[in-house]
Amino acid sequence: MGALVVVDKLTVSAGSATLVDALSFTIRPGEVLALIGESGSGKTTTALALMGHARRGCRISGGSVRIGDVDVLSLGARQLRALRGRTVSYIAQSAAASFDPSRSILDQVVEPAVVHGTLPRGEAELKAIALFRELALPEPETIGQRYPHQVSGGQLQRLMAAMALITDPEVVILDEPTTALDVTTQVEVLRAFRRVVRERQVTAVYVSHDLAVVAQMADHILVLRDGRMREVGTTERLLATPQNEYTQSLLAAARPATRSAGTAGAGAEVLLRVKGLSAGYGARGPGGKPAVTILEDIDLELKRGQAIGVIGESGSGKTTLARVVAGLLPPSAGTMEFDGRALPPALAARSRDDLRRIQIVFQSADTALNPSQTIERILARPLQFYRGLKGEPLRRRIDELLDLVKLPRTLAERLPGGLSGGQKQRVNLARALAADPDLILCDEVTSALDTVVGAAVLDLIAELRRELGVSYLFISHDLHTVRAVCDEIVVMRHGRKLAQVARADYDRGPHHPYYEELARAVPELRRGWLDELDRARPALVA
């Protein structure tokens, strides 16, 4: 069978920089090709070129792209509009950002079929409902009547897949479609995607930095770095015997290694103690109870130099716990002690020293860093506020902080937009460290990073812990990540603490059934893992 997609010496440029450099590959009908690589490797840029599209500031400067007998790069604007959504469709990373919040889901899902004239409205709605059923969505006959904010993230991602498939396109591009999901939701979405791809014999390009995920979906893997192909081969061969050194490094980074423990010992003092902590959102009723309770009756102790991981799926209360400890959300019940004394619940009631000693690092460095301020200014503010530094001592400490998080000092002059995702997250850490804190609350700090950069940030966190004796409350939905950096793991679900597991017991059971379910839901770096999980599915905890 001949190739459906033929890419020959594709080159994409941005000014004088080359983002994709003379890349060539083919995809046969019904085949799934994964594009793998770290951030900035050219994965998404290559995938978008299959639609004849280049992002703002970029241009397709050479090569050719053919889908069937269509020369994509020779098409005019009207022909490209007809191609996109009908011949080639796209499933983006963030479905929440892709749906119009003011329109019903069904109205948006059927739109490609109606606009491209592949089906009349009534038939398109019936097909959409059939796709909802194929994608294992709840209440397929009525879910389309809801609005985007009325469904979960995993459901919205599958609804976006229905939108992409409704025109029966020849090629589907899946651009990091499960990266932002928690592990249990990711498995459900991955399972649904794979079933539809197999049953419909969809030809697909799967863009990801997660080798364990693509191992369950892809027939072939193409490894990119700096816009160039480093290696390509069948999934089985590439996972078993990678030839390229960079591919080997990706595989190594995908297998989280245990980072050495910090300074906490058996007799270490308790730094943070929370007792009976509850919190929520909305107007408070009788007794001060919020309209919606997110966190309920949490007990936790964190010692000096210790790292405790908090895991659970989306909505389990992990981030709410961090926000309450940071003073960003007042609790509705319970108490907090820090270093042996009561910690005021409200941020405004805390002393400057309280603020200094407890710092939070947010998940998205893109939104956490002011895009209009240089890195120097971002790091200077806490140094001025907490330490009163200025002049040469201030500049010297900024340099020391950049050294500490292993960033070149020349980055101080740049704006956040000129940094990679991993560099921004390091600046985020440096800003927290500028206060000389005793406790850092890390809220999903690696979930938006590629595997290699994420591993480097975890190494940095472990090293800073050893050198500075900082304590961490490490919040994540990724059990493997938490096991790699933490001394203990707190398991949460529906706002409650279900279990607490010490490092010595990570691999020794029995554990709480939900802990075991989370462990099973983390994709393993081998072909067939999802098939095995499906066979064992009746044994999983609902």
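Please read all numbers here as calculations on a predicted model, not as lab measurements.
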> When you measure from the side chain of E413 to the backbone N and O of R409, does any donor-acceptor pair fall under 3.5 Å?
Replying inline: no
> Nearest 0.5 Å, what's the CZ-CG distance between R426 and L433?
Replying inline: 12.0 Å
> Among D487, L300, I475, V482, which residue meets the side-chain contact (heavy atoms from CB on, under 4.5 Å) test with I308?
Replying inline: L300
>> Show, in sequence, the C-alpha distance, side-chain angles and deciding distance for R527 and D219, and conclude whether the salt bridge (charged side-chain N to carboxylate O under 4.0 Å, His left out) test is met.
In response: CA-CA 10 Å; R527 191 77 159 157; D219 301 297; 3.8 Å; yes
>> Per the side-chain hydrogen bond (donor to acceptor under 3.5 Å, both in side chains) rule, what does the pair list look like for residues 12-23, sequence neighbours excluded?
In response: S13-S61, D21-R228
> Are a donor atom and an acceptor atom from the side chains of Y386 and D436 found within less than 3.5 Å of each other?
Replying inline: no
> Salt bridge check: are D353 and R356 linked by an N-O gap of less than 4.0 Å?
Replying inline: yes
> How far apart are the C-alpha atoms of K406 and D459, what are their side-chain angles, what is the distance that settles it, and do they pass the salt bridge (charged side-chain N to carboxylate O under 4.0 Å, His left out) test?
Replying inline: CA-CA 11 Å; K406 295 179 171 53; D459 286 334; over 6 Å; no
>> side-chain hydrogen bond (donor to acceptor under 3.5 Å, both in side chains) for R414 and T374? Distances and angles first, verdict last.
In response: CA-CA 5 Å; R414 293 194 199 174; T374 65; over 6 Å; no
> Side chain of S208, backbone of E176: donor and acceptor closer than 3.5 Å?
Replying inline: no
> Which is it for D478 and S476 under the side-chain hydrogen bond (donor to acceptor under 3.5 Å, both in side chains) test, yes or no, and what are the steps along the way?
Replying inline: CA-CA 5 Å; D478 187 339; S476 179; 5.5 Å; no
>> Check for me whether R103 meets the cation-pi criterion with Y147, that is, NZ or CZ under 6.0 Å from the six-membered ring centre and within 45 degrees of the ring axis.
In response: no
>> Looking at E188 and V183, would you say the former's side chain and the latter's main chain have a donor-acceptor pair under 3.5 Å?
In response: no
> Where is the tightest heavy-atom contact between P331 and L277, given as atom of each residue plus distance?
Replying inline: CB-CD1, 3.8 Å
> Between E231 and R237, is there a side-chain N and carboxylate O pair less than 4.0 Å apart?
Replying inline: yes
> So does R381 have more than 12 non-hydrogen atoms from other groups sitting under 6.0 Å from CZ?
Replying inline: no
> From E444 CD over to T481 OG1, what is the distance, rounded to the nearest 0.5 angstrom?
Replying inline: 9.0 Å
> Residues two or more places apart in sequence or in another chain: which of them pass salt bridge (charged side-chain N to carboxylate O under 4.0 Å, His left out) with E488?
Replying inline: none
